[in-house]
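As the structure is a prediction and not an experimental result, all values here were calculated from the model. As the structure lists them, so they are numbered: ligands from 1, and atoms in each ligand from 1.
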Amino acid sequence: KREAGEIEVAEPGNKLPRPAPSLPTDPALYSGPFPYYRRPSELGCFSLDAQRQYHGDARALRYYSPPPTNGQSPNFDLRDGYPDRYQPRDEEVQERLDHLLRWLLAHRGHRLHYCKCWLAGAIVTWRGHLTKLLTTPYERQEGWQLAASRFQGTLYLSEVETPAARVQRLTRPPLLRELMYMGYKFEQYMCADKPGVSPDPSGEVNTNVAFCSVLRSRLGNHPLLFSGEVDCTNPQVPSTQPPTCYVELKTSKEMHSPGQWKSFYRHKLLKWWAQSFLPGVPNVVAGFRNPEGFVCSLKTFRTMEMFEYVRNDRDSWNPSVCMNFCAAFLSFAQNTVVEDDPRLVYLFSWEPGGPVTVSEHRDAPHAFLPPWYVEAVTQ
Ligand code: 0WD
Ligand code: CA
């Protein structure tokens with residue numbers, strides 16, 4: 001009997017066509033104890049500037065600077081500056097793993113390669129891709145596609161925009177565009193460019209700018225190297241050591257009824273938990289906006305306590321299911337992508353209600369490891 005995701009080995013006399021391997025995503029299959037997850041440690045960082053140019057330093061890191069707690073509630077107008085002081089990133093540009101690969105290249109011969117074999121056994125990806133894997137058993141709306149290639153042992157995973165996601169992006173309603181701006185505007189009200197000073201919300205919101213942390217962890221027997229965008233660091237926390245000093249900022253609709261809170265815990269808190277648990281970001285600060293687009297209340301959620309809000313809710317999410325599914329997917333990918341070839345791509349596809357399926361491709365358009373990376377690392 002085969003396990004899910006295991007590839008059938010052809011035996012002499014076995015002339016049956018090999019069934020296409022697939023991986024089920026039903027949450028019931030992934031309950032069980034929480035798997036091992038190594039405490040994430042920061043290996044380094046990089047910044048992207050207003051022109052989306054890479055810099056191997058922390059110049060884009062901002063400092064958490066909440067409004068004074070003198071009994072007054074905040075009154076942040078999230079629509080201020082829209083659209084005249086908004087410079088959105090060009091989403092037609094598919095960056096794939098490029099910035100992360102540039103960081104990797106710059107750190108060859110450093111600590112993480114003290115044993116070239118560590119990277120050779122690792123999975124390299126964006127944090128956001130792992131977040132999508134964690135939430136898959138509970139996702140009912142959006143599918144995903146992940147391209148995978150093996151190169152010098154390392155398994156690289158890079159998201160591919162699904163045709164449906166592309167249509168949604170190109171037909172994004174004006175109100176949704178403004179809502180996206182409002183999330184970034186909240187960051188501007190809560191962060192300063194230097195520690196100890198107040199935020200300046202008078203400038204432009206430019207979503208090209210990003211500070212990214214590069215982290216090392218391990219899920220079960222899968223060593224991980226991934227990078228994630230970090231909103232800010234809290235200079236007040238006793239241990240200023242990353243990632244424990246990092247703060248994730250979020251906005252959400254103001255809630256009034258217990259039913260609205262319950263739905264928030266079931267759906268939004270799952271995504272917030274998955275995104276911040278992976279890099280070990282301990283706190284998520286939420287700004288709740290009213291229908292006029294003003295944030296009038298703030299609430300800090302501790303990442304490690306988020307599950308408590310749904311622990312007694314039978315129909316809600318469970319961190320063990322998320323992590324066990326992710327581990328199963330990583331094993332499935334490791335067992336599928338056997339050949340070491342940067343031009344060979346396995347495309348893992350998933351739509352809600354179905355299993356993860358896989359197809360094989362060579363070269364354009366799916367090959368994603370750029371020649372400048374492959375050539376620099378070969379030799
Ligand atoms: O090429 C791709 N397919 C992707 C590239 C998919 C996802 C992200 N990225 C880029 C992002 O632009 C970012 O610079 O990779 C970098 C880091 O990504 P991540 O941290 O792994 O991504 P994720 O956890 O999904 O998002 C973190 C933050 C978001 O915060 P919220 O609070 O909204 O979850 O990164 C920002 C956003 O602030 N972000 C983006 N910014 C500009 N364009 C984008 C985007 N497409 N996606 C996420
Ligand atoms: Ca954020």
Legend entry - Under 3.5 Å: donor-acceptor pair, side chain of Arg218, backbone of Leu224: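 No, because the side chain of Arg218 does not come within donor-acceptor range (under 3.5 Å) of the backbone of Leu224.
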
Legend entry - Per-atom contact, atom 9 (N) of ligand 1, protein heavy atoms, under 4.0 angstrom: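 No, there is none.
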
Inset, instruction - Decide whether a cation-pi geometry holds between Lys268 and Tyr265; the criteria are a distance under 6.0 Å from NZ or CZ to the six-membered ring centre and an angle within 45° of the ring axis. - result: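 Judged by the rule, Lys268 and Tyr265 form no cation-pi pair.
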
Legend entry - Proximity to ligand 1 by part of Lys132, non-hydrogen separation under 4.0 Å: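 For Lys132, no heavy atom sits under 4.0 Å from ligand 1.
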
Legend entry - Heteroatom distance test (Tyr184, ligand 1): nitrogen or oxygen, under 3.5 angstrom: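 Among all N and O atoms of Tyr184, at least one is under 3.5 Å from an N or O of ligand 1.
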
Inset, instruction - Give yes if a backbone or side-chain nitrogen or oxygen of Thr131 is under 3.5 Å from a nitrogen or oxygen of ligand 1, and no if not. - result: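 No, since none of the N or O atoms of Thr131 sits under 3.5 Å from an N or O of ligand 1.
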
Inset, instruction - Determine whether the aromatic ring centres of Phe46 and Tyr54 lie less than 6.0 Å apart. - result: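 Under 6.0 Å, so yes.
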
Inset, instruction - Considering only protein heavy atoms, determine whether one is less than 4.0 Å from atom 16 (C) of ligand 1. - result: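 Answer yes: something from the protein, a heavy atom, is under 4.0 Å.
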
Legend entry - Lys250 N/O to ligand 1 N/O under 3.5 Å: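 Lys250 vs ligand 1: N/O contact under 3.5 Å present.
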
Inset, instruction - Specify the protein heavy atom at minimum distance from atom 7 (C) of ligand 1: its residue, its atom name, and the distance to 0.1 Å. - result: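 Here the nearest protein heavy atom works out to His129 CE1, 4.5 Å.
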
Inset, instruction - Nearest heavy atom to atom 30 (O) of ligand 1 wins, so pick from Glu229, Gln275, Gln145. - result: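 Heavy atom nearest to atom 30 (O) of ligand 1 belongs to Gln275.
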
Legend entry - Trp144-Thr136 side chain donor-acceptor pair, cut-off 3.5 Å: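 There is such a pair (donor and acceptor under 3.5 Å, judged by atom type) between the side chains of Trp144 and Thr136.
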
Legend entry - Residue pairs passing the salt bridge (Lys or Arg N to Asp or Glu O under 4.0 Å) test where at least one lies in residues 43-52, sequence neighbours excluded: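 Residue pairs passing salt bridge (Lys or Arg N to Asp or Glu O under 4.0 Å), neighbours aside: Arg52-Glu95.
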
Inset, instruction - Report whether Trp261 and Leu298 are members of the same hydrophobic cluster (ILVMFWY, side-chain heavy atoms less than 4.5 Å apart, transitive linking). - result: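 No; tracing contacts between hydrophobic side chains, which count when under 4.5 Å, never links both residues.
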
Legend entry - Side chains of Pro83 and Tyr181 in contact at under 4.5 Å (non-hydrogen atoms):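 Counting from C-beta outward, Pro83 and Tyr181 never come under 4.5 Å.
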
Inset, instruction - Flag Arg89 as yes when one of its N or O atoms lies below 3.5 Å from any N or O atom of ligand 1, and as no otherwise. - result: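 Yes, there is a polar N/O contact under 3.5 Å.
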
May I have the list of side-chain donor-acceptor pairs in residues 341-354 shorter than 3.5 Å, sequence neighbours left out?
from   : atom 1 : to     : atom 2 : distance (Å)
Asp341 : OD1    : Arg343 : N      : 2.8
Asp341 : OD2    : Arg362 : NH1    : 3.0
Arg343 : NE     : Asp363 : OD1    : 2.7
Arg343 : NH2    : Asp363 : OD2    : 3.0
Ser349 : OG     : Gln145 : NE2    : 3.1
Trp350 : NE1    : Thr25  : OG1    : 3.4
Trp350 : NE1    : Gly354 : O      : 2.9

Legend entry - Heteroatom proximity flag, Asp231 to ligand 1, N/O under 3.5 Å: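 By distance alone, the answer is no.
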
Legend entry - Protein heavy atom under 4.0 Å of atom 37 (C) of ligand 1: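 Given the 4.0 Å limit, the answer for atom 37 (C) of ligand 1 is yes, a protein heavy atom qualifies.
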
Inset, instruction - Tell me, please, whether Phe264 has Lys262 positioned over its six-membered ring: NZ or CZ under 6.0 Å from the ring centre and within 45 degrees of its axis? - result: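 No, Lys262 does not sit over the ring of Phe264.
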
Atom pairs and distances, side-chain donor-acceptor, residues 33-40, under 3.5 Å, sequence neighbours left out:
from  : atom 1 : to     : atom 2 : distance (Å)
Tyr37 : OH     : Leu278 : O      : 2.6
Arg38 : NH1    : Ser41  : OG     : 2.9

Inset, instruction - Please report the number of protein N, O or S atoms that lie less than 3.0 Å from the Ca ion (ligand 2). - result: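 Total protein N/O/S atoms under 3.0 Å from the Ca ion (ligand 2): 3.
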
Legend entry - From the candidates Arg52, Glu161, Glu91, the one that places a heavy atom nearest atom 12 (O) of ligand 1: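 Selected option, by shortest heavy-atom distance: Arg52.
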
Legend entry - Whether Arg96 lies under 4.0 Å from ligand 1, heavy atom: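 Arg96: in contact with ligand 1 (<4.0 Å).
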
Inset, instruction - Can you confirm whether something in the protein, heavy atoms only, sits under 4.0 Å from atom 24 (O) of ligand 1? - result: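 Yes, because at least one protein heavy atom sits under 4.0 Å from atom 24 (O) of ligand 1.
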
Inset, instruction - Using distance alone, determine whether Gly128 and ligand 1 share an N or O pair under 3.5 Å. - result: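 Right, the criterion is met.
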
Legend entry - Backbone N/O of Arg89 and side chain of Thr207: donor-acceptor pair under 3.5 Å: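 Yes; judged by distance alone, with no hydrogens or angles, the pair exists.
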
Legend entry - Connected via hydrophobic side-chain network under 4.5 Å: Val321 and Phe307: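 Both belong to a single hydrophobic cluster.
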
